[in-house]
Amino acid sequence: MARTATSARAEFLAGCRDEAPLLLGAVPFGMIYGIAALSAGIPAWLAQLASAVVFAGAAQLVIVQMLAAGAGFVPIALTSGLLNLRHVLYSASMAEYVRHLPRRWRLLLAYLLTDEAYAVAVLHYQRREPAPTAPAGSSGSGGGRDTASAASAEPGPKAASIASVAPAGDADTPAHEDLRHWYFLGAGFTLWAGWQLATAAGLLFGATIPAEWELDFAVPLTFIALLTLLLRERAGQAAALVAGLGALAFAALPYKLGLVAAILLGLAAGAWTVRRLERAR
Amino acid sequence: MSTATLVLLLVLVGGLTYLYRYAMIGLFASRSLPAWLHALCRHIAPASFAALTASALFVAGSEVHFAFDTPRPWAALVAVLVAWRTRKVLATIVAGMAALHLFKLLF
């Protein structure tokens, strides 16, 4: 029992430690979000609450940017809902590692499944016990496809009996007891705490700085930076180009619905490019 | 948008995001992910960021306005160049903000 508790704590702390460097990237986003939320007219308490309820940096920045531009309820919900869809991929990628856990663990880990926590946790899972279904070296960005096929084994709740949480500790602890969910928890918690504090710092800082600093401009700059990193392949470039032009072409649509139309058109352009490239090969 | 509407919006988006995150490890733990969803997800982020950037730079209200006589499009151009050369997010934001304030002095 004691040994299990010790190694659970060790896993948790290792997760915290490995997540820490990613805070360098996340904290500025959190602060920019906090500052931009204030200048978009969101009350501070609500901006802070959103960091806990939505807990997705890119979507929170999108919401703030669209609110500042005067967008309506439906376009904001559609755009941020679409942008966050990628979390289904992370969820699928994690499924084989956490399926055996009790429901309360899975409910908690799902809440902490952000881009940054996923990136760290999935590497830990792949490093320690390469899953037979996943090709070696498959990285965090697209790991979902291979793992998803493995998700057809047994349904989760039934397998909960082999859960590795501490209470089973009377007899000898199995040598291969899987405590890696504690690592996941540590990584997820670290990012969560960092995100909440960064938001608070942005809200405090944002209340004191003058509007002439135009720090709201940091939000489109963030989009530019992320976009440039994402534009590695032809189809993505086509999607971005068409969506960008579409945003101008549909600018007159009410409530900023043009943004949703532009993104959908961009997705179609991306899909079309993929198919065309496949046919050309 | 009223505060109550905003609360509703945030709770909706938060709830949806949580459903996404819980979907494959909880709700559909025994299913596999459809291939089309995979293909779709790949381009959502670039399309969204491009649309929002274009809109932030060149749309005022509901009108397209290429405001090349103002600092923001030029600062954005500097940011694009820095992002392209360095591939660093923070450097891009810092350079873009610095360029904005430099151009504000010039314009």
Side-chain angles (χ1 to χ4, degrees), chain A residues 28 43 46 50 53-54 56 62 65 73 76-77 80-89 91-92 94-95 98-99 106 110-111 113 144-145 148-149 151-152 155-156 214 217-218 220-231 236 239-240 243-244 247-248 251-252 259 262-263 266-267 270, chain B residues 1 3 5-7 9-14 16-18 20-26 29-33 35 37-59 61-64 72 75-76 79-80 83-84 87-90 92-93 96-97 100:
Chain A
L46 189 50
V53 172
V54 180
V62 164
Q65 178 70 28
F73 185 98
I76 298 180
S80 50
L82 204 56
L83 185 63
N84 274 345
L85 194 57
R86 69 186 184 284
H87 290 99
V88 178
L89 301 189
S91 183
M94 276 295 172
V98 301
R99 202 186 300 121
R106 285 179 291 136
Y111 173 63
L113 189 57
R145 182 180 299 166
S149 59
S152 53
E214 299 194 40
F217 191 54
L221 289 175
T222 307
F223 294 151
I224 287 174
L226 296 176
L227 182 61
T228 311
L229 288 179
L230 287 169
L231 291 184
L248 303 183
L259 284 173
I263 292 165
L267 293 178
Chain B
M1 193 176 291
T3 303
T5 317
L6 194 52
V7 169
L9 174 68
L10 292 169
V11 167
L12 182 75
V13 173
L16 192 62
T17 305
Y18 184 76
Y20 291 153
R21 287 170 171 158
Y22 188 61
M24 305 310 290
I25 64 177
S30 57
R31 308 260 191 89
S32 57
L33 206 60
L37 190 59
H38 245 283
L40 180 72
C41 281
R42 250 177 51 201
H43 300 134
I44 289 176
S48 306
F49 294 148
L52 282 157
T53 305
S55 179
L57 290 176
F58 301 121
V59 176
S62 59
E63 278 176 24
V64 179
R72 286 201 174 199
V80 168
W84 180 45
R87 310 195 72 81
K88 289 197 173 78
V89 176
L90 263 187
T92 303
I93 297 170
M97 287 308 298
L100 175 70

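To find a chain, count down the sequence lines: A is the first, B the second, and so on, and within it residues start at 1. These numbers come from the heavy atoms of this one structure, side chains and all, not from hydrogens, waters or symmetry mates.
Most heavy-atom pairs under 4.5 Å with chain A, from the set B:L10, B:V59, B:L9: that is B:L9. Of all the listed residues (A:L46, A:T222, A:L226), the one sharing the greatest number of non-hydrogen pairs under 4.5 Å with chain B is A:L46. Put simply, of A:A110, A:A239, A:P43, A:S80, the one with the most heavy-atom pairs under 4.5 Å next to chain B is A:A110. If you tally non-hydrogen atom pairs under 4.5 Å between each of A:A225, A:A50, A:A218, A:A262 and chain B, the highest count goes to A:A225. Between chain A and the options B:V64, B:I93, B:V80, heavy-atom pairs under 4.5 Å are most frequent for B:I93. Ranked by non-hydrogen atom pairs under 4.5 Å with chain A, the options B:S62, B:A83, B:A54 are led by B:S62. Of the listed residues (A:L230, A:V53, A:V54), the one with the most heavy-atom contacts under 4.5 Å to chain B is A:V54. In terms of heavy-atom pairs under 4.5 Å with chain A, the best-connected choice from B:T3, B:L6, B:V7, B:T5 is B:L6. For the set B:L57, B:L90, B:I25, the entry with the most heavy-atom pairs within less than 4.5 Å of chain A is B:I25.
Considering A:L221, A:L229, A:T228 in turn, A:L229 is the only one that fulfils the side chain to side chain contact (heavy atoms under 4.5 Å, CB included) rule with B:V89.
Interface residue A:L231: only side-chain heavy atoms are found under 4.5 Å from chain B. Interface residue A:E214: backbone and side-chain heavy atoms are both found under 4.5 Å from chain B. If you measure heavy-atom distances from B:M97 to chain A, the contacts under 4.5 Å come from both the backbone and the side chain. The contact between A:V98 and chain B is made entirely by side chain atoms (from C-beta outward), counting heavy-atom distances below 4.5 Å. For B:L40, the parts lying under 4.5 angstrom from a heavy atom of chain A are both the backbone and the side chain.
Without hydrogens or angle criteria, B:S55 side chain to B:A51 main chain gives no donor-acceptor distance under 3.5 Å. Looking at B:Y20, its side chain does come within 3.5 Å of a backbone N or O of A:G81 through a donor-acceptor pair.
Residues B:A75 and B:G96 approach most closely at CB-O, 3.6 Å, considering heavy atoms. Between B:H38 and B:L33, the shortest heavy-atom distance links the atoms CD2-CD2, 3.8 Å.
To the nearest 0.5 Å, atom OG1 of residue B:T92 and atom CG of residue A:L227 are 11.0 Å apart. Residue A:I224 holds its CD1 atom at 15.0 Å from CH2 of B:W84, rounded to the nearest 0.5 Å. Considering CZ of A:R86 and CD1 of B:I44, their distance stands at 9.0 Å, rounded to 0.5 Å.
Under the 30°/60° scheme for interplanar angles, the aromatic rings of A:F223 and B:F49 are found to lie parallel.
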